[in-house]
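Accompanying notes for the structure given below.
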Amino acid sequence: MRITCPFCGERDLGEFTYLGDAAPQRPLGASGVPGPELEEAFYDYVYLRDNPAGLLREHWYHGGGCRAWLIATRDTRSHAFQAVEAAPGAGASPDGGAR
Amino acid sequence: MAEPAWTEQPPLARLIEAGRPVASADPPGVRLTVRAPRRLVQVMARRGGFRATVDAARGLFGSPPPSRPEAVFTADATLVWSGPGQFLVLDHAEPIDDPAAALRTAFAGTASVVDQSHGRVEIEVAGRQARAMLAKLCSLDLAAPAFAVGAAAATSIDHTNVTLWREPDDSDGPVFRFLVFSTFAESLWHLFTASAAEFGAAKGLR
Amino acid sequence: MADLVGTTGVQRRAAEAATQADGQAAAQPRRLAAGGLIDRASPLRFTFDGRPLTGFAGDTLASALLASGVKLVGRSFKYHRPRGILSAGSEEPNALVELRSGARREPNSKATTVELFDGLSALSQNRWPSLSFDVGSVNSLFSPLFVAGFYYKTFMWPGALWERLYEPAIRRAAGLGRASGLADPDTYEKAWAHCDVLVVGSGPAGLSAALAAGRAGARVILCEDDWRLGGRLLSDPAEIDGRRGLDWADAALAELASLDQVTIMPRTAVFGVYDGGTYGALQRVGDHLPVPPEHQPRQRLWRIVARRCVVCAGAVERPIVFPGNDRPGVMLASAVRTYIGRFAVLPARRTVVFTSNDDGWRTVEAISAAGGEVAAVVDPRGSVPARFEAGSRGVPVIAGVVAAVEGGSGGVRGVTVRTADGRLRVGAGCLAVSGGFNPNVGLASGFRGRPGWRDDIAAFVPSGGPPGLRSAGAANGTFGLAAALREGHAAGTEAAAECGATGHPGEPATAADEALAITPLWHVAGAGKAFVDFQHDVTASDIALASQEGFDSVEHLKRYTTLGMATDQGRTSNVNGLAILAAGRGRSMLETGTTIYRPPQVPVAIGAFAGHHRDEHFHATRLPPSHHWAAERGAAFVDVGLWKRAQWFPLPGETDWLQSATREVRAVRSSVGFCDVSTLGKIEVCGPDAGTFLDRVYINTFSSLPVGRARYGIMLREDGMVMDDGTTSRLAEDHYFVTTTTAKAGPVMQHLEFCRQVLWPELDVQLASATDQWAQFSIAGPRTRDLLVLLADPGEDLSGEGFPFMGARAVRLRGGLPARLFRISFSGELAFELAVPARFGEALARNLMELGAGLGVVPYGTEALGIMRIEKGHVAGPELNGTTTAGDLGFARMMSTKKDFVGRVMAARPELIRPDRPVVVGIRPVDPARRLRAGAHILPKGAVPGPDTDQGYVTSACFSPTLERWIGLGLVSHGRERHGETVRAFDPLRGEDYEATLCDPVFYDPDGGRQRG
Amino acid sequence: MRYSFLSLARGALSKHRNWPRAWRDPEPRKRYEVVIVGGGGHGLATAFHLARDHGIRDVAVLEKGWIGAGNAGRNTTIIRSNYLLPGNSGFYELAMKLWERQEKDLNFNTMVSQRGVINLYHSDAQCDAYARRGNAMRINGIDAELLDQPRLKRILPYLNYDNARFPVMGGLLQRRGGTARHDAVVWGYARAADRLGVDIVQNCEVLGFVRENGRIVGVETSCGAIGAGKVGIAVAGHSSHVAAMAGIRLPIESHVLQAFVSEAIKPLLPGVMTFGAGHFYVSQSDKGGLVFGGDIDGYNSYAQRGNLPVMEDVCESGMAIIPMIGRVRILRQWGGIMDMSMDGSPIIDKAPVDGLYINAGWCYGGFKATPASGLTFAHLLARDESHPEAARFRLDRFRRGAMIDEKGVGAQPNLH
Ligand SMILES: Cc1cc2nc3c(=O)[nH]c(=O)nc-3n(C[C@H](O)[C@H](O)[C@H](O)COP(=O)(O)OP(=O)(O)OC[C@H]3O[C@@H](n4cnc5c(N)ncnc54)[C@H](O)[C@@H]3O)c2cc1C
Ligand SMILES: NC(=O)c1ccc[n+]([C@@H]2O[C@H](COP(=O)([O-])OP(=O)(O)OC[C@H]3O[C@@H](n4cnc5c(N)ncnc54)[C@H](O)[C@@H]3O)[C@@H](O)[C@H]2O)c1
Ligand SMILES: Cc1cc2nc3c(=O)[nH]c(=O)nc-3n(C[C@H](O)[C@H](O)[C@H](O)COP(=O)(O)O)c2cc1C
Ligand SMILES: [Zn+2]
């Protein structure tokens, strides 16, 4: 399998590690003091997955390369990649110019 | 009272004396050289600070740092891309207390600066058969057009991270430079020499 | 080199007679006097079952055996039937041998692909005591019982006998060759290659494809399994562009060699296609030599990254299923042609050709041209195809089918032909069979694709397939030479264009067109065993039985009968089997379908996939800065992840580790010692938001940590379990220095990058791994300060006030070396961690030894380190086992309630805060002399062992030199309330069962006075 | 017809013309009391136990392909009960006891072969961890032995003891562990269930569920709608896919696990061995092939095939621990779709929707579970309450925090 890192270009699967579905959003990411009221939301975030047979947006880490976290769109039936973007905070971004 | 003696341990020195013999070819197909340590500083642009970092670097080195996987050769330094928004500075600046101090001031507020002078070992792989030998270690396409002089990459060899770039060719072929993690250096050196053996390899320190 | 095109049969017979005269060739009675692509100037000696034989350079083992008149080569899997050589390629099901001897022995080697070398030795397989007399062949007497799936129906009673009697018997009977049982003495390599167009196969189609793509300017790699390129052109007379096929091939190769964008790889089989245009290929670097050349591997595994692939892998001829079709001497018609044309071997003087298609008639021509006698051509279609009339003049043609074969292990003696009006017998030493051709669709079906079916050629052909891959030539069902040339050229041209190559591909080569006319004939019913899968002894009636019992989906058929599961993967048998199933069920071939195609196309040695990763090079080795110094001192080393760490430093006279470790601990506790802890993960966390960032990843707070101070911290996974712990120091407003455990350095770095890049991109933080930059030593013991003052610059204030407990800052050492000093302790002693630039690590060790000599300084290893942390009650790896919460480890109160942090919410789930959870306690055996072992379980005193009485276990244990007894830590239910309680330590695995007392986990320096002192 | 040596001999005389189908090929009826989705080992075993233990014979097993087309037909056949944690120990030991009597239960030789399973250890820490596990097994009445190096050498003399990267120190042995013939297990359950009246319907894919005021009352299939009193899902790698048809999200990801088989060779390895310092486990099939595998590929997949990095990793480990297999050739490589749960342990529970029951989350360990999975799932379907040995496999354990995490890697399926 080959993954095209937006920073490094096309690389072999061996350079990447996988985390999984990129859809779940961490409840209350930024600030504030979460309490029990968030348990359900966190349970969903940590444990439940759509696990589709088809297109999946997923987190990959280019640990064997530039150390950027990536968000790839891949078909889980064919392994074919449709797109690979950088995670919002990869490099120095958010940034007007190049990363 | 005895003063402590701070003799610096040159990288891989032991192995190059005790390296296992390899087929001799004349001229050798591959030349493996462990480069003398240089100042090595990792510069990481702050959030939204890449442009400012580029300007600061231009001021320091006379040319902008790489913003793509490239190595920039300036008058007295080599700037190697090491990831998005960051690069490595390799030069011969006088070893002072804190090698990174000067750069830290220069990049104050625009980039974070970390000294890696002892964190990596610089190895050069050159010679007619350098590419054939590296094909055994490196999954990248190092052929001339695909990996031109000045191209750089952050990749891995034997599951360990390396930074590599291509220097201008010399009389008998391409020249590649690697930065490998110091604690992995001996392991990788074995791999390099074993892979070079069939082509006849010359090994040395510089 | 002379060849046989143009020389007539008469000349040939004369020539043969001539060579029979001089004895040399008599050793090879079946060798033709002239022709073939062998080098008669270099004869090669080899042995088969110990019998000395000779062949020539350019022979395969099979061709040399045939030349020497050897017919019987092996025994079949189940019935141990005598078998000979069926094919001339990697589809061979019968002629399997044990190649080479000793540690280099290779079982199941196909004689038809083994390149002959001088001194080669081969043994026949799966027979005892000998090939000609094989006791196992009694199996065939019981063959009425040994039908498909018989073992599922019996051997059930008495149950106990299965493992003891039946199964061992089955196992011994099964299997084929014997593995060497010795470590493989040869080396293997792996390598990467990149190209635009990968061409698989170098027959007319492959050469045309490579030429077209190469001329167009694409980067081309041409892989050919065979050592000589040319494909069928090596075997069949042909005319291309007005010259001899072979000459055309040589010219094509010369042109390809002249294109520097083209790489030609002989002896290289493309065995599989993987995602993203990655192809696996095996290069046999040294297999054609007795031993590989120095510094060269036996085989090299290539990962070829290709944007396009043109598969020109040709087609495999299939036999016809009829009674006795497995006799030695029954061969594929095209194989007979190959032995004649390429190897100058005439398998037998008299041959019967049995064919259902035109291609068989080429064999008739070839045999006659070689001076052999075609006793008869049996073709159910009856008439002679027009274009073969000339070549087969005078050969008797019989409209019928072969219904029986005479002969035994000695080989074919004759055949019985069934015609419309009765049976007749024809004597012959060889039966050449052609049931048509199966294109090699394996690669094209590599992604579990299903091939399509073409009635006109009665064969499965590629349909769809992996992205970027296309097939051409016989591999695509295009059997005619002219068509194969055209198709190959077209495929190469398109592939190159798709890669952006703009050059001119030149013109396709031309040849006379000859389509394959075929009337499929799968199975000739009749008395006697008719084999479908030769190697696994699957017969036509096995297939009927499986179908009758409901195993009629192709996959059930395969699994029930083992059809196509042998080392040839059914290349000669699958389609015949499917056809028989289809006929029986009245289904079409397409409805019936094929089983799934899987890599590898040709079996690949496990060693090749391993490459150099074996023995001590299985994984990379990581060495801390003081490694060589420690080695000089004779330290014992232990593997911790990839690291080699000094475990203890034995002194002369010390006989076991406990003695050394105990001494080291005592020395530290009474004076001072040091330990290289550089393996701890070190991460520089920089940027204005570094503090906030750390607040969110740790359960406790770091934004409030003053510059110059260190703090112990714990981070959780999002599921609330403890992930890692370590000390973090604040070196500047915007600069923290985080340390992780040795094991978790990588995962923590990845986690922090995830937090930085994905969870909180708004935070301005940068992360850098500094693990390799610093040599960090722990220096511990009451005299630590006395040692440090000798080392540190006089200007540095190391007093209790000047450098308080948990202080952390950059310092300068005597001689001007810059360093970092942290006053942290995991031993319960006054202790510092001192970090110097890594290349000064050895110097630091030497200096500490010299300067500390007067203080009785000792270096200590991981054993002493572990003992002291247990004495002090510090949790480590065994307690941070991924299923413990901060509360379990006694850090409940460290969890800030004022902020969000990773894992906070999930950590509050009811089951994770239950009062009866196992929590960290101290444990010591009641009997002070008794050894405590980690892994022992804790039960209530006197309780009967059982799921309900199992209350926890010992996580860490050691002999405490300080308390002079074995102590340990454990995770025990309600542990905190039970200090002082006597429990049962139950360790049946090591035959131990004793009483122990639960206690406070901090055995040493409970009030922390010493480490603060 | 009963299977026995006698019947086989009789068959021989009649040229085997009178062997009946191993199981019928029925047209699906309009309605069944219980419909099981998935004709793998678990689905078929469930049907068998429903019919035999609970007298519920109005049962259909719907299989989208051929029975055993999924993981049951492609697994490396290892059976063992050497688990550490409460919940797993009892359950897998129940399975082991059922394996030991399976030939009798099914009148089918599934070749259960208790040749032993050894997990190697390479450090003192690993040794202690195995001691903990082995002791837990003993406490649960399961056989376990800790082998030191000398004893290990006697059983596995050809391991790389001399110049291994990671020293081979010993192993944890479960003698009762071993292998069973995977396809035979499927066929055996199918035949036995069929003889009790269960309809096994192949080439019948479930495409959706039929609901009546909130309750599941049947399934939509490629062969039309089929009514059901209760529906049990046992579709392994497709669990999320099928559960989604009922609007349910599961704590499961589907991942590909590869396996490999070598050319057949004469007996070489006695039992099952797993390499603790790499990713490699191996046994030798009755046919003589070395059947081996390692870690999952690590990315979500429904493709039933894997890639080279894992294949190389597995072979590197194999060579490292058994240097003599270097010249043994890999014959075939395949993959299967694992239902990897968030804690590495299975789920046997009622679904949040009435009338629907879930059997999933088996990861790469569900073959050995097959008999117990069938028995306990049948119990749940018949009685609407968990079988005591499966009581901890409830879906709500994640919400409560009662994960059963043998590896301690947390909610990341590709690490289990
Ligand atoms: C390579 C590999 C090695 C393994 N090794 C081992 C091992 O050594 N030991 C061990 O214990 N376990 C092992 N496993 C795991 C084990 O095989 C599985 O956990 C177990 O087989 C799953 O249960 P099952 O047999 O019911 O699943 P399956 O056999 O997969 O049955 C599920 C069935 O449901 C069918 N299905 C899916 N969707 C639908 C639908 N919509 N409608 C109808 N039918 C449908 C599928 O076609 C399939 O036949 C291994 C798995 C693999 C892939
Ligand atoms: N009935 C017929 O008329 C008939 C049938 C089949 C072939 N042919 C003849 O065969 C030729 C067809 O040409 P072609 O080029 O398509 O086939 P070919 O058989 O001439 O060449 C195929 C080549 O591919 C190689 N190969 C196969 N698998 C490989 C792999 N996995 N990796 C590397 N190499 C591999 C083989 O060693 C062989 O050299 C024509 O001469 C045609 O006349 C004729
Ligand atoms: C225990 C076991 C043994 C196997 N032995 C063989 C074998 O000897 N020959 C063979 O061709 N395949 C063998 N296979 C692989 C199967 O042919 C098949 O590839 C696998 O079951 C996956 O099915 P699929 O390839 O049809 O998808 C074996 C599989 C298993 C699980
Ligand atoms: Zn990258």
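Everything numeric in this text was worked out from a predicted model, so none of it was measured. Lettering of chains follows the sequences in order, A, B, ..., and the numbering in each one begins at 1.
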Does any backbone or side-chain atom of C:Tyr166 lie under 4.5 Å from a heavy atom of chain D? Answer side chain, backbone, both or neither.
neither

If I measure from the heavy atoms of chain D, does C:Leu716 come under 4.5 Å with its side chain, its backbone, both, or neither?
neither

So which part of D:Ala22 gets closer than 4.5 Å to some heavy atom of chain C, the side chain, the backbone, both or neither?
both

Is it the side chain or the backbone of C:Ser143 that comes within 4.5 Å of chain D heavy atoms, both, or neither?
neither

Portion of D:Arg181 that has a non-hydrogen atom of chain C nearer than 4.5 angstrom:
side chain

Under 4.5 Å from any heavy atom of chain C - which part of D:Ala136:
both

Residue set satisfying salt bridge (Lys or Arg N to Asp or Glu O under 4.0 Å) with D:Arg74, at least two apart, ordered chain then number -> none

Segment of D:Leu268 engaging chain C (4.5 angstrom heavy-atom cut-off)
side chain

Residue, of D:Arg24, D:Glu263, D:Met319, that accumulates the most heavy atom pairs under 4.5 Å with chain C:
D:Glu263

Polar contact flag, side-chain donor to acceptor under 3.5 angstrom, D:Asp297-D:Gln258:
yes

Given the options D:Lys287, D:Met342, D:Lys407, D:Met311, which has more heavy-atom pairs under 4.5 Å with chain C than any of the others?
D:Lys287

Residue part contacting chain D, namely of C:Ala544, when any heavy atom lies under 4.5 Å
neither

Chain C interface, residue from D:Lys104, D:Arg397, D:Lys15, D:Met403 that has the most non-hydrogen pairs under 4.5 Å
D:Met403

Part of C:His536 lying under 4.5 Å from any heavy atom of chain D
side chain

Please determine, by modelled atom types, if D:Arg2 and D:Ser4 share a side-chain donor-acceptor pair under 3.5 angstrom.
no

Starting at CG of D:Asp128, measure out to CZ of D:Arg133 and round the result to the nearest 0.5 Å.
14.0 Å

D:Gly288 backbone acceptor or donor facing D:Gln284 side chain under 3.5 Å
yes

Under a 3.5 Å cutoff, is there a donor and acceptor pairing between the side chains of D:Glu63 and D:Asn203?
no

Residues which pass salt bridge (Lys or Arg N to Asp or Glu O under 4.0 Å) with C:Glu549, listed by chain and number, not counting sequence neighbours
C:Lys153

Chain C interface, residue from D:Thr110, D:Val112, D:Ile321, D:Leu6 that has the most non-hydrogen pairs under 4.5 Å:
D:Val112

Does the side chain of D:Arg332 come under 3.5 Å of the side chain of C:Gln569 through a donor N or O and an acceptor N or O?
yes

